[in-house]
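The model shown is predicted, which means the values in this text are computed figures rather than measured ones.
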Amino acid sequence: MRNLNKFALAILCCCLAALPQFGARRLLEFSTESPNAIADDEFGTYNFTSCQIYCYGSLLDTVQMAKLFEDSKTFVDMKLLFSPQKTLEDFDAFMAAKNNTPSRDEIREFVDAHFGAKGTELDVWTPTDWIEHPGFIDLIHDPDLKQWGVDLNNIWKELGRKMKDDVHKNPDYYSIIPVPNPVIVPGGRFIEFYYWDSYWIIRGLLHSEMYTTARGMIENFLSIVQRIGFIPNGGRVYYWGRSQPPLLTAMVKSYVDFTKDDLFAINALEILEHEFEYFINNNTVQAKGHNLVIYRDTSTGPRPESYSEDVETSQSFTTKEAKEDHYSELKSAAESGMDFSSRWFINANGTNEGNLTDAKTRSIVPVELNAILYWNAKMIAEFHSKAGNIEKMVEYETKAQKIQEAIQAVLWNEEAGCWLDYDLINEKPRNYFVPTNLSPLWVKAYNLSESEKISASVLKYIEANNLDSFPGGVPNTLYNTGEQWDLPNVWAPMQYILVEGLDNLGTPEAKALSQRWGQRWVKSNFEAYRETLAMFEKYDAENFGGHGGGGEYGVQTGFGWSNGVIIEWLAKYGRQISLSNTGAAARSCRLITVLGATAVAIVGAFAGRFIWRNWFK
Ligand SMILES: *[C@@H]1O[C@H](CO)[C@@H](O)[C@H](O)[C@H]1NC(C)=O
Ligand SMILES: *[C@@H]1O[C@H](CO)[C@@H](O)[C@H](O)[C@H]1NC(C)=O
Ligand SMILES: *[C@@H]1O[C@H](CO)[C@@H](O)[C@H](O)[C@H]1NC(C)=O
Ligand SMILES: *[C@@H]1O[C@H](CO)[C@@H](O)[C@H](O)[C@H]1NC(C)=O
Ligand SMILES: *[C@@H]1O[C@H](CO)[C@@H](O)[C@H](O)[C@H]1NC(C)=O
């Protein structure tokens with residue numbers, strides 16, 4: 001039997017190898033052509049020449065500490081006018097000439113002479129597979145929401161970007177990581193692609209029937225894993241050392257679910273396994289005798305894109321080692337995608353009160369990262385099964401089972417009735433609400449035979465935390481610290497995890513809550529859109545139609561993942577949801593009151609006359 005499978009697989013592989021349009025082969029070709037990466041083995045490791053300018057070193061330190069730009073990210077997105085080597089030589093000469101203490105103006109002159117404008121590596125690109133009227137529009141009944149669906153579909157054209165040829169010819173002159181296909185970016189200050197954002201963007205694209213663009217973005221990520229060994233936080237070399245929640249396998253799964261192109265997933269398997277093993281090999285810790293994964297970072301120094309900010313918070317620490325540790329905690333939080341949040345604070349008394357100096361990301365076992373790795377193992381097993389490779393399927397099913405056991409043993413909390421992050425320093429669960437506490441529901445990382453019991457527990461947890469009380473969506477935490485991943489901010493991907501998770505749970509109560517939260521999110525986003533004609537990076541839990549603020553930078557619009565989630569939910573709820581339930585319903589309610597009052601008055605008048613005539617006359 002096993003031999004037969006191997007034989008079938010061998011034939012399949014031969015067929016695939018003969019088809020140049022399929023994934024792996026073409027990707028390999030790209031990776032060997034890419035002049036920017038140094039690939040040792042089959043999978044490359046991170047080593048970009050332009051990192052000497054953009055990732056670390058004295059030039060970066062000098063320029064960023066001069067605070068020439070309002071947003072620290074501006075400088076690291078600027079193009080080099082000369083090679084990194086000449087730039088560094090000129091910089092050394094410049095520093096020597098200025099006695100190592102150049103003035104701010106002199107530094108500005110140096111930057112002006114050696115760097116061009118930011119963001120010049122990308123051209124606006126109209127997706128070639130964009131269509132005016134994708135099928136999901138027809139699923140929306142309310143006319144205002146239907147028009148909104150059309151508008152959102154249009155926004156993909158504004159967020160499309162393609163790399164200039166010069167990036168491929170002279171990658172050393174840019175901080176951008178070259179990729180073969182055009183991308184959809186989040187928007188605002190985020191002018192390049194980001195890793196986990198792309199999951200919700202790609203789902204939106206698939207609903208918009210833009211299969212080529214979606215596939216192109218996935219192929220970019222596959223090629224990045226081949227060249228670098230993992231997917232950095234975003235498409236810039238300065239994100240070296242940190243990834244983001246690993247959703248590449250889920251992107252492939254989404255694409256295959258929409259297109260039925262199983263071969264695409266089968267061809268990607270080697271790369272998907274590599275990324276899975278990367279996380280397991282590099283991020284694993286032990287808790288209560290189980291292996292679990294944490295967020296971490298392998299680079300040194302402050303975040304290049306927020307350099308002076310990190311140096312400032314590091315002032316609380318005296319030794320070089322303590323400062324480095326602090327930077328690592330911040331960059332690990334960036335790997336989680338939740339930068340920043342009280343979720344990552346552990347202070348001396350073991351609670352979440354504090355500020356960024358209390359960030360202890362590497363000592364917190366995060367629920368969703370383990371849940372996502374469980375999911376990845378399940379999907380990889382499924383793709384192997386489709387390829388007929390039973391041995392590999394069993395191998396990955398077993399890995400998934402191990403992760404599920406660890407999640408159950410360490411992260412499930414019977415008292416709270418939910419999963420909780422685990423504090424490795426104080427060896428105790430962290431009973432603070434984060435939407436990710438419910439992420440096992442989203443990826444079904446629990447014993448499915450116990451759905452009823454889990455549903456009852458989780459709904460009690462939701463009630464105890466009063467999560468249904470927010471008009472603008474479920475906030476990211478219940479603590480207002482001024483950080484952007486805290487109260488009152490609400491984020492589309494987190495609403496997605498909650499709503500899809502409760503839907504998956506399948507009990508009538510969980511499904512009803514899922515629908516209420518999903519529709520509330522659509523209506524609240526629409527209210528913000530109606531008022532501002534913009535889609536936001538984050539919204540405001542405490543105000544229906546409000547949008548978010550706080551954190552390190554101004555409010556960003558665009559916005560990739562928000563659009564993706566709304567498009568998916570317009571497709572999902574479009575038949576039932578109606579704005580007239582809110583606005584027009586209130587209007588018709590008033591109308592009925594007015595008509596009713598008039599009727600009572602008329603009837604009363606007649607009755608009065610009748611009574612007057614018959615009894616009192
Ligand atoms: C990166 O490559 C340069 C040469 O281009 C080399 O000197 C350096 O050691 C490499 N760094 C790593 C981390 O491999
Ligand atoms: C991460 O894991 C991969 C194998 O999956 C290994 O080759 C690599 O050296 C690891 N990197 C670090 C920084 O530990
Ligand atoms: C963080 O809190 C500590 C006290 O716990 C304080 O000394 C420090 O100044 C605060 N840092 C920032 C950046 O607010
Ligand atoms: C824990 O420490 C913080 C300051 O770091 C303080 O504000 C808080 O009251 C303390 N909480 C408890 C329960 O001791
Ligand atoms: C799942 O739950 C059922 C019902 O409680 C139980 O019989 C079974 O042993 C559980 N399976 C695992 C793997 O824990």
Side-chain angles (χ1 to χ4, degrees), residues 70-73 186 188-190 194 196-197 233-234 239 242 244-245 294-295 297 302-303 305-317 325-364 366-369 420-421 423 430-437 465 467 470 472-495 497 536-543 546-556 559 561-562:
E70 203 176 316
D71 187 339
S72 295
K73 187 171 181 296
R189 82 197 272 269
F190 305 107
Y194 281 81
W196 76 322
D197 290 67
N233 182 314
Y239 292 125
R242 54 185 131 122
Q244 254 183 351
I294 55 162
Y295 293 110
D297 170 82
R303 287 173 301 157
E305 80 282 12
S306 304
Y307 198 97
S308 59
E309 291 85 340
D310 289 1
V311 170
E312 239 151 71
T313 54
S314 82
Q315 296 310 311
S316 297
F317 301 95
D325 271 341
H326 172 61
Y327 297 144
S328 275
E329 301 296 1
L330 296 180
K331 287 177 288 185
S332 302
E335 180 167 84
S336 81
M338 282 193 196
D339 39 335
F340 292 112
S341 170
S342 62
R343 181 187 183 192
W344 306 122
F345 299 165
I346 307 179
N347 67 21
N349 56 28
T351 71
N352 69 345
E353 289 151 292
N355 60 37
L356 285 182
T357 63
D358 299 300
K360 292 281 184 292
T361 318
R362 295 176 300 176
S363 301
I364 295 173
V367 175
E368 81 287 2
L369 181 57
L420 299 173
D421 293 341
D423 171 346
R430 284 172 61 83
N431 196 355
Y432 308 116
F433 171 73
V434 203
T436 46
N437 285 351
N465 284 282
L467 302 180
F470 295 91
V474 181
N476 204 58
T477 69
L478 302 177
Y479 304 91
N480 190 337
T481 62
E483 297 300 342
Q484 64 167 350
W485 287 88
D486 275 317
L487 188 79
N489 284 347
V490 194
W491 298 78
M494 293 301 126
Q495 301 310 290
I497 288 173
F536 294 89
E537 179 198 23
K538 51 191 177 255
Y539 290 85
D540 178 359
E542 288 166 344
N543 291 298
H547 45 80
E552 304 183 285
Y553 49 80
V555 175
Q556 306 296 309
F559 196 94
W561 64 17
S562 302

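The salt bridge (Lys or Arg N to Asp or Glu O under 4.0 Å) test applied to Arg303 returns Asp310, Glu552, not counting sequence neighbours. With sequence neighbours excluded, the residues satisfying salt bridge (Lys or Arg N to Asp or Glu O under 4.0 Å) with Asp421 are Arg343.
Between Phe536 and Tyr539, the ring planes lie perpendicular to each other; the angle is over 60°, past the 30° to 60° tilted range.
Residues Thr313 and His326 form a side-chain contact, since some pair of their non-hydrogen atoms from C-beta on lies under 4.5 Å apart. Residues Asp423 and Lys360 are not in side-chain contact: their nearest non-hydrogen atoms beyond the backbone lie 4.5 Å or more apart. At a threshold of 4.5 Å between non-hydrogen side-chain atoms, the residues Pro488 and Asn480 count as touching. Side-chain contact between Tyr479 and Ser341: absent, with no pair of heavy atoms (C-beta onward) separated by less than 4.5 Å. Residues Ser332 and Trp344 are not in side-chain contact: their nearest non-hydrogen atoms beyond the backbone lie 4.5 Å or more apart.
Panel note: side chain Glu542, backbone Gly472; no donor-acceptor pair is recorded below 3.5 Å. Judged by distance alone, the side chain of Tyr432 and the main-chain N or O of Asn352 form a donor-acceptor pair under 3.5 Å. Within the 3.5 Å criterion, the main-chain N or O of Arg189 finds a donor-acceptor partner in the side chain of Gln556. Thr477 places no side-chain N or O within donor-acceptor distance of the main-chain N or O of Val434, the cut-off being under 3.5 Å. Proximity of a side-chain donor or acceptor of Glu335 to a complementary backbone N or O of Asn233 within less than 3.5 Å is not detected. In this structure a side-chain-to-backbone donor-acceptor pair under 3.5 Å is present from Gln244 to Trp196.
Taking each heavy atom of Ala492 and Trp561 in turn, the nearest pair found is CB-O, 4.0 Å. The minimum heavy-atom distance linking Phe433 with Pro475 is given by the pair CE2-O, 3.3 Å. Of all heavy-atom pairs between Ser562 and Glu537, the closest is OG-O, 3.9 Å. Among all heavy-atom pairs drawn from Leu356 and Glu483, the shortest one is CG-OE2, 3.6 Å. For the residue pair Ser306 and Ser72, the shortest heavy atom distance occurs at CA-CB, 3.9 Å.
Rounding to the nearest 0.5 angstrom, the gap separating the OG1 atom in Thr361 from the CZ atom in Phe340 is 7.5 Å. Between atom CG of residue Asp339 and atom CG of residue Leu330 there is a gap of 9.0 Å, rounded to the nearest 0.5 Å. The CG atom of Asn347 sits 9.5 Å away from the OG1 atom of Thr357 when rounded to the nearest 0.5 Å. One finds the CG atom of Asn476 at 8.0 Å from the CG atom of Asn489 (value rounded to the nearest 0.5 Å). Between the CD atom of Gln484 and the CH2 atom of Trp491 there is a distance of 4.0 Å, given to the nearest 0.5 Å. Here the CG atom belonging to Asp297 is positioned 13.0 Å from the OH atom belonging to Tyr239, to the nearest 0.5 angstrom.
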Exercise. Would Asp325 and Arg362 satisfy salt bridge (charged side-chain N to carboxylate O under 4.0 Å, His left out), going step by step from the backbone distance to the final call?
Worked result: CA-CA 10 Å; Asp325 271 341; Arg362 295 176 300 176; 3.2 Å; yes
Exercise. Side chain to side chain contact (heavy atoms under 4.5 Å, CB included) between Leu467 and Leu478: does it pass, once the steps are laid out?
Worked result: CA-CA 9 Å; Leu467 302 180; Leu478 302 177; 4.2 Å; yes
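Aromatic rings of Tyr327 and Phe317 (six-membered ring for Trp) have centroids beyond the 6.0 Å cut-off, not under it.
Sorted by first and then second residue, the salt bridge (Lys or Arg N to Asp or Glu O under 4.0 Å) pairs with a member in residues 485-494 form an empty list; sequence neighbours excluded.
Glu70 CD: 12 or fewer foreign heavy atoms inside a 6.0 Å radius.
Partner Phe470 forms a side chain to side chain contact (heavy atoms under 4.5 Å, CB included) with one of Asp540, Leu487, Asn543, Val490 and no other, that one being Leu487.
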